[in-house]
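So that the names make sense, note that chain A is the first sequence line, chain B the second, and so on, each numbered from 1.
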2 protein chains.
Amino acid sequence: MPTKHTAMLVILDGLGDRACKDLKGVTPLQAAKTPTFDKLALEGQTGLMDVIGPGITPGSDAAHLALFGYDPIATYPGRGPLEALGAGLASKPGDVAFRANFATVDTELRVIDRRAGRDFTNEEHRALEEALAGIEIDGVKVHFTATSQHRGAVVFEGPGLSGEVTDTDPHETGEIILNSKALTSEAQKTAKIVNSLTKIAHERLKDIRVNKNRIERGLPAANIILLRGPGQHKKMPTLSERYGIKSAALAGGSLYIGTAKYVGMEHVKVKGQTGTIDTNFEGIAERAIECVQGDYDYVFIHVKATDNASHDGNAQEKVLAIERTDMMVQKIIDAVGDKLVIAVSGDHTTPIEIGEHTCDPVPVLLWSSFIRPDDVRAFSEFDCAHGVLKMIIGQDLMPLLLGYAGHIPKLGA
Amino acid sequence: MPTKHTAMLVILDGLGDRACKDLKGVTPLQAAKTPTFDKLALEGQTGLMDVIGPGITPGSDAAHLALFGYDPIATYPGRGPLEALGAGLASKPGDVAFRANFATVDTELRVIDRRAGRDFTNEEHRALEEALAGIEIDGVKVHFTATSQHRGAVVFEGPGLSGEVTDTDPHETGEIILNSKALTSEAQKTAKIVNSLTKIAHERLKDIRVNKNRIERGLPAANIILLRGPGQHKKMPTLSERYGIKSAALAGGSLYIGTAKYVGMEHVKVKGQTGTIDTNFEGIAERAIECVQGDYDYVFIHVKATDNASHDGNAQEKVLAIERTDMMVQKIIDAVGDKLVIAVSGDHTTPIEIGEHTCDPVPVLLWSSFIRPDDVRAFSEFDCAHGVLKMIIGQDLMPLLLGYAGHIPKLGA
């Protein structure tokens, strides 16, 4: 086995783009000044990547499962478990999770405000969590956490659960809260528990002090939780079980934290890491360097600002987010480049002019001090089309990174 | 989801070729003047395509299943169901079909003429069909249609059928018609029904007026049908079920019509569309434009003349067929180019100098007004080798077309 290196994956969310009128017909990645990425492309290998597969438009969560080396269709658990893990709840194979909203209902459980006024203080969050703590229904434990504003997540822990149930959230005001329905016969127990939780939550929440205080202040009471996006945590090997590696995720958005945790990564917190252009790039670089200098075998860094700019149609901000990430990577290379095998890519294409994910492949670069370089000298959607990696799929990237980094044992003798 | 476009697939049958002496060492596609294809290559993406897989020589029917996005091995039903659908018979999952020949047998069922003289009038076809109408054996309905000359097709409709049976056609004169044999124990019922049909058909046909008239005119009687190419219509989702799309097939040859119908396409008839160089290219363009302007999400156009020229070793005619198709596509682009994602390719290679299908990959181009172009400036077997699509397989093409056209939902969130 060669010397072990740390594998590092830097994902600029929604990095891929198309010719952009605001940038005189080039892509944000072409327009951005990226001396670091270009040097890594020059010294390393490049290619294009269909993150899920040809023609398939990736959602960010499924895309990340693929980038982490997992079959994104077979292992995708639905949004609930990923959001729950991202919100800090524990979840393990077999558990079922939902995204949750605090809402306001009348005595007939008709939804008056789907977000119960939207704004909550930390104290209110803690009080509402406490009111919902310790619920157990038919041998199934219910774990709830509030996240931001009216949002939260619920994990059901216990035997015989199924994710094949429907939302209780009617998704419209004026409607009575929905009965969760079982989509398979195996899911009937789960639907029953979910519907019991609706009643129990209402009972526990409707008269508590925090809601009385809200009503006194003219705010809607958070007297129910609405559940949506159900999913069951699948039985699958973690990264540690598959490869024997210790892995770290540096991400700001809860969906990315959750997806990383779902495959067994540890969330390494960075003060000021957010999903915006003002995220703490310096701090991320510093923590990433510490991870490499420590005993992490794999470090995942997620930058969300590129995708936000795309959804907003803001080409200049996407360029800026790319340039700041380029500088962040330079800082990491300067400190620990000799210890790294690093890949830089996106999880999908989000063209500025479309504002939505599309199926176009993303550029990818793979660098280490020892890798055989190809002839590509710049990092862009067009340059990478000439790279030696040709066209890979997302699931190929993890084995490439870990293989070059010396973390995949020889197959055979 | 981005704006929806219509996906269009133009297949020039047997398009791929090798260096051809009659064309001073270039391929027909290189020799042909193709300003439209070259412009689409310049503005779009190109590559090579192993329609089935590396080294596998595609039959036209299996090739088209792959081009329509289906696993050509798992979903290939044998020739019978495809020919039966192409002949206008209904067929659904579970049904078993054969290609059929009218033939002449003596009283011992020894084959005297495998084609019963080959030529039949429309009136004779109708009379023979009528004689074979309404047959039901052991709860299985038998549907027969005559097609051209001595040819026809049979569909068996009912429970418990299997395609794992042998031909009744001895494929030689002087031989007694064969007993169909079951190749698996599940197929015994089907073999029995097939053998009953041989006897019933002979009983019904031997003394009918149309045959008496043929004998009086010195022509062989069509007093039996010989069956070959058995196959069972597989259980598989149609294009509509897989993708929620409405799809149209503009094809002249019955095998292509049948294969398109097998995956759930609607056959849109074009007056004068045939399998020859004299097919109505203008009319095909006009109907294709109407389909795009109407509510079709996917339009398949099949041009057979290229393959016929290849099988005949006629390089000049293959060049001409390519040039006429190029002009046809220009007409479509002029009218509805902004609404399209279009792919142009072949279903296999048929080198002029071989006159048979070979395993060489085919060139493919993918164009839309918004697609990221590669550096290729001409459409040929050699130019496309440098394209950004690299080497795809046939099954990749449908997702690429439908993905860029906005007909495949995002996977995940």
| Is there a side-chain contact (heavy atoms from CB on, under 4.5 Å) between A:I56 and B:K410 once you walk through the steps? | CA-CA 7 Å; A:I56 307 301; B:K410 188 166 65 173; over 6 Å; no
| query | Measuring heavy-atom distances to chain A, does B:L402 have an atom under 4.5 Å in its side chain, in its backbone, in both, or in neither? | reply |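 For B:L402, there is no contact with chain A at all, as no heavy atom is under 4.5 Å.
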Using heavy-atom distances under 4.5 Å, tell me whether [X] contacts chain B through its side chain, its backbone, both, or neither.
X: A:P361; value: both
X: A:T350; value: neither
X: A:D50; value: neither

| message | Please check if the number of heavy atoms outside B:K339 that lie under 6.0 Å from its NZ is greater than 12. | response |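 Open: at most 12 neighbouring heavy atoms sit under 6.0 Å from NZ of B:K339.
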| request: Please name the pair of heavy atoms, one in B:Y404 and one in A:C359, separated by the smallest distance, quoted to 0.1 Å. | output: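 So the minimum-distance heavy-atom pair works out to N-SG, 3.5 Å.
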| query | How about B:P373 and A:F382: do any of their side-chain heavy atoms sit closer than 4.5 Å? | reply |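 Counting from C-beta outward, B:P373 and A:F382 do come under 4.5 Å.
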| query | Considering only heavy atoms from C-beta outward, does the side chain of A:H386 approach that of B:D375 to under 4.5 Å? | reply | yes
| query | Checking side chain to side chain contact (heavy atoms under 4.5 Å, CB included) against A:P54, which of B:L400, B:L401, B:L389, B:L397 comes through? | reply | B:L400
| message | Out of A:L255, A:T57, A:L65, return the one with the most heavy atom pairs under 4.5 angstrom to chain B. | response |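 Going by pairs under 4.5 Å, I would pick A:T57.
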| request: Test side-chain contact (heavy atoms from CB on, under 4.5 Å) on B:L411 and A:I73 and set out the steps. | output: CA-CA 8 Å; B:L411 183 77; A:I73 295 165; 3.7 Å; yes
Would a distance-only check, ignoring hydrogens and angles, find a side-chain to backbone donor-acceptor pair under 3.5 Å from [X] to [Y]?
X: A:K390; Y: B:M391; answer: no
X: A:D61; Y: B:G412; answer: no
X: B:R372; Y: A:D360; answer: no

